[in-house]
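Pasting in a structure now, in structure tokens, and then I'll have a few things to ask.
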Amino acid sequence: MAGSIPTDSSAVMTVGADGAGNEGVSLALQDVRVYYDALTTAQIQTISTSSPSQDVSPISGYSSFSIGQHNTSTAVFSVKEDSIPEPTEVVYPTILNLKGPGIILPEGSTSFSILASETGNGIFEFQSLQPVVIADESDTTSIAISRSFSNQGGVYVHWAVYRSDGVTLATGDFSEVTGSVLLSDGESLADLILTPVDDMLPELAETFVVVLTGLSGEDGTTPSTPTSAYYINTPPEQNISLRIEDNDSPYGLFQFDTSLVPVPDTQFVAAATTQPVISVSEENVNISIQVVRAQGTVGETSVEYFTSSLDASGIGADRDYINTLGKLTFTAGQRSQFLTVTLVNDLTPELSESFQVILSNPTGLSGKPSLGIGSTINITIQPSDEAFGVFSFLSDSLSRVVRE
């Protein structure tokens with residue numbers, strides 16, 4: 001009948017070796033169904049294209065009700081056991097037609113689910129076990145999660161970020177410490193995105209553990225066993241180490257402070273955002289300048305300093321200040337120190353002139369401190385010795401007699 005146009009009529013089915021059904025032959029018939037009424041085109045298409053014959057037995061049948069019978073008739077279906085990975089499938093038993101009087105209500109169709117089997121939704125793990133390093137907490141990082149064996153069905157992969165003890169959630173260090181990543185039907189890879197909290201507070205390097213904590217189906221079904229539909233590969237594939245390096249200068253960030261009041265060791269000082277400038281008088285021969293260890297104060301640290309000319313001179317007979325260099329050492333927890341620069345107070349009239357003091361070469365016993373925009377200070381020497389002149393009347397003009 002292949003290729004023919006179906007018509008509604010009676011028919012004779014002959015079974016045999018020739019067209020007349022002669023010569024005996026043994027045949028195995030499968031899915032032979034007889035319907036009392038003609039099926040619609042939609043019903044025929046459903047039966048031919050969506051048969052669950054690989055999963056359920058039987059796929060067709062009938063129920064009999066005697067005259068006056070009002071009770072139910074039970075259809076029993078058996079799920080076929082195989083070793084093929086399969087996602088959760090839904091089967092829709094449907095009442096197609098009746099022999100005898102009666103009607104089929106809209107409730108003439110029902111459904112049941114065959115849960116995923118043979119790890120039909122896949123095995124999940126981190127794609128790489130290489131430790132992840134975040135150089136700066138303002139950076140985000142992505143960690144790939146892979147699915148193997150089967151990529152059928154949508155699955156949520158649940159994760160969490162713990163501190164190095166593997167027990168305490170890393171709350172405060174990441175914008176999210178728990179969450180889920182969806183691998184949709186057909187997908188084998190997805191990225192877990194982690195965003196550290198950029199709090200601008202000095203912190204030493206910290207190590208965390210990212211863990212795959214569980215799975216759930218996108219369709220909301222619960223597997224018949226913990227591993228029948230999907231599972232997470234056993235450790236270490238479900239754990240990965242993540243490290244955030246030293247950030248926000250825990251060993252200190254050296255900069256100048258224009259205040260002459262010492263900054264207390266217990267006071268937090270943030271990194272400067274502008275270069276400091278001071279103006280001094282030549283008569284103030286010794287200038288004290290405060291050097292502050294901003295951000296963290298971990299361990300013993302040191303910083304060198306030196307003067308550098310702009311239009312003021314630090315050498316020669318006409319120098320305006322004495323070239324200076326030196327080194328300051330800060331103990332653990334110490335916040336500030338002062339250095340001194342000497343000006344030359346001469347009698348030469350001069351306009352304003354400037355030079356700089358620059359911090360350099362920060363070092364530490366435990367870790368290296370840093371330098372910020374405030375590590376250079378501009379010093380302006382104010383005009384001196386009547387640089388703009390002295391004005392007075394001439395002596396013969398101090399007293400005059402004039403007539404009206």
Side-chain angles (χ1 to χ4, degrees), residues 135-138 172 196-206 244-310 312 314 320-343 352-382:
D136 190 284
E137 65 181 7
S138 62
V197 174
D198 189 6
D199 52 16
M200 304 302 292
L201 297 177
E203 295 175 289
L204 295 174
E206 294 179 275
I244 300 179
E245 298 288 19
D246 297 342
N247 57 87
D248 299 310
S249 306
Y251 301 100
L253 182 147
F254 289 111
Q255 61 189 33
F256 289 103
D257 191 308
T258 58
S259 172
L260 294 178
V261 179
V263 177
D265 293 341
T266 56
Q267 179 179 324
F268 177 77
V269 178
T273 57
T274 58
Q275 182 176 319
V277 176
I278 60 173
S279 177
V280 297
S281 169
E282 183 181 90
E283 285 74 21
N284 297 329
V285 177
N286 293 317
I287 305 171
S288 291
I289 307 172
Q290 185 170 201
V291 178
V292 173
R293 188 183 183 186
Q295 296 294 104
T297 58
V298 176
E300 180 179 308
T301 55
S302 298
V303 65
E304 297 176 4
Y305 62 90
F306 62 92
T307 53
S308 177
S309 176
L310 293 175
D320 303 292
Y321 65 93
I322 297 175
N323 262 346
T324 304
L325 56 85
K327 180 178 182 179
L328 300 175
T329 299
F330 291 70
T331 59
Q334 186 176 4
R335 185 60 77 182
S336 74
Q337 287 195 52
F338 284 85
L339 61 82
T340 300
V341 175
T342 301
L343 303 181
S352 61
E353 297 173 300
S354 299
F355 67 99
Q356 296 177 323
V357 182
I358 301 172
L359 301 176
S360 67
N361 193 29
T363 57
L365 295 182
S366 304
K368 185 176 180 180
S370 55
L371 300 173
I373 191 173
S375 61
T376 296
I377 186 170
N378 281 9
I379 302 173
T380 298
I381 304 173
Q382 300 164 0

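Predicted, not measured: the structure shown is a model, and the values here were computed from it.
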Going by heavy atoms in the side chains, are Leu339 and Phe256 under 4.5 Å from each other?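 Side chain of Leu339 against side chain of Phe256, heavy atoms only: contact under 4.5 Å found.
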Report yes if the side chains of Glu304 and Leu325 come closer than 4.5 Å at any heavy-atom pair, otherwise no.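 When only atoms from C-beta onward are counted, Leu325 and Glu304 do not touch, as no gap falls below 4.5 Å.
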Just wondering, do Ile278 and Val280 contact through their side chains at under 4.5 Å, heavy atoms?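 Val280 reaches Ile278 side chain to side chain.
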Nearest-0.5 Å distance, CD of residue Glu353 to CG of residue Leu343: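 Rounded to the nearest 0.5 Å, the CD-CG separation comes to 11.0 Å.
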From Ile289 atom CD1 to Asp257 atom CG, the distance as rounded to the nearest 0.5 Å: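 Here the rounded value is 11.5 Å.
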Exercise: identify the closest heavy-atom pair between Asp265 and Gly333: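 The answer is CB-O, 3.5 Å.
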Can you check side-chain contact (heavy atoms from CB on, under 4.5 Å) on Ile373 and Thr273, steps first, answer last? CA-CA 7 Å; Ile373 191 173; Thr273 57; 5.5 Å; no
Between Gln337 (side chain only) and Thr329 (backbone N and O only), is there a donor and an acceptor less than 3.5 Å apart?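 Between the backbone of Thr329 and the side chain of Gln337 there is a qualifying donor-acceptor contact (under 3.5 Å).
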Spatial distance of atom CD (Glu206) from atom CD1 (Ile244) [nearest 0.5 Å]: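 It is 6.5 Å, given to the nearest 0.5 Å.
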So, do Ser354 and Asn378 sit near enough that their side-chain heavy atoms are less than 4.5 Å apart?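 No - every pair of side-chain heavy atoms lies 4.5 Å or more apart.
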Taking all non-hydrogen atoms of both residues into account, name the closest pair between Gln290 and Ser336 and its distance.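 Here Gln290 and Ser336 meet closest at OE1-OG, 3.1 Å.
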What do the steps show when you test Glu137 against Asp199 for side-chain contact (heavy atoms from CB on, under 4.5 Å), and what is the final call? CA-CA 8 Å; Glu137 65 181 7; Asp199 52 16; 3.0 Å; yes
Looking at side-chain heavy atoms only, is the closest gap between Leu371 and Val303 below 4.5 Å?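 They are in contact (side-chain heavy atoms under 4.5 Å apart), so the answer is yes.
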How long is the gap from CD on Gln255 to CD on Gln275, to the nearest 0.5 Å?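 It is 12.0 Å, given to the nearest 0.5 Å.
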Which salt bridge (Lys or Arg N to Asp or Glu O under 4.0 Å) pairs, counting each pair once, include a residue from residues 320-337, with sequence neighbours left out?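 Listed by first then second residue: nothing to list.
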Tyr251 side chain vs Leu365 backbone, donor-acceptor pair below 3.5 Å: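 Here the side-chain-to-backbone pair does not exist.
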Fit a plane to each ring of Phe330 and Phe254, take the angle between them on a 0 to 90° scale, and name the class: parallel (under 30°), tilted (30 to 60°) or perpendicular (over 60°).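 Phe330 and Phe254: tilted rings.
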For Glu245, all residues meeting salt bridge (Lys or Arg N to Asp or Glu O under 4.0 Å), sequence neighbours excluded: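 So Glu245 forms a salt bridge (Lys or Arg N to Asp or Glu O under 4.0 Å) with Arg243.
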Candidate list Thr380, Asn323, Ile379, Ile377, test side-chain contact (heavy atoms from CB on, under 4.5 Å), partner Phe355, passing option: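 When side-chain contact (heavy atoms from CB on, under 4.5 Å) is applied between Phe355 and each of Thr380, Asn323, Ile379, Ile377, only Ile379 qualifies.
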Is the side chain of Thr324 donor-acceptor paired with the backbone N or O of Ile322 at a distance under 3.5 Å, no angle test?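 Yes; judged by distance alone, with no hydrogens or angles, the pair exists.
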What's the spacing between Asp248 CG and Asp198 CG if we round to 0.5 Å?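 Asp248 CG to Asp198 CG: 6.0 Å, rounded to 0.5 Å.
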Using the ring pair (Phe, Tyr, Trp, His ring centres under 6.0 Å) rule, collect all pairs that involve residues 257-308, keeping only residues at least two apart or in two chains.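 Counting only pairs at least two positions apart or across chains, no ring pair (Phe, Tyr, Trp, His ring centres under 6.0 Å) contact touches residues 257-308.
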Any chance you could measure Ser249, atom OG, to Lys368, atom NZ, to the nearest 0.5 Å?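 These two atoms lie 11.5 Å from each other.
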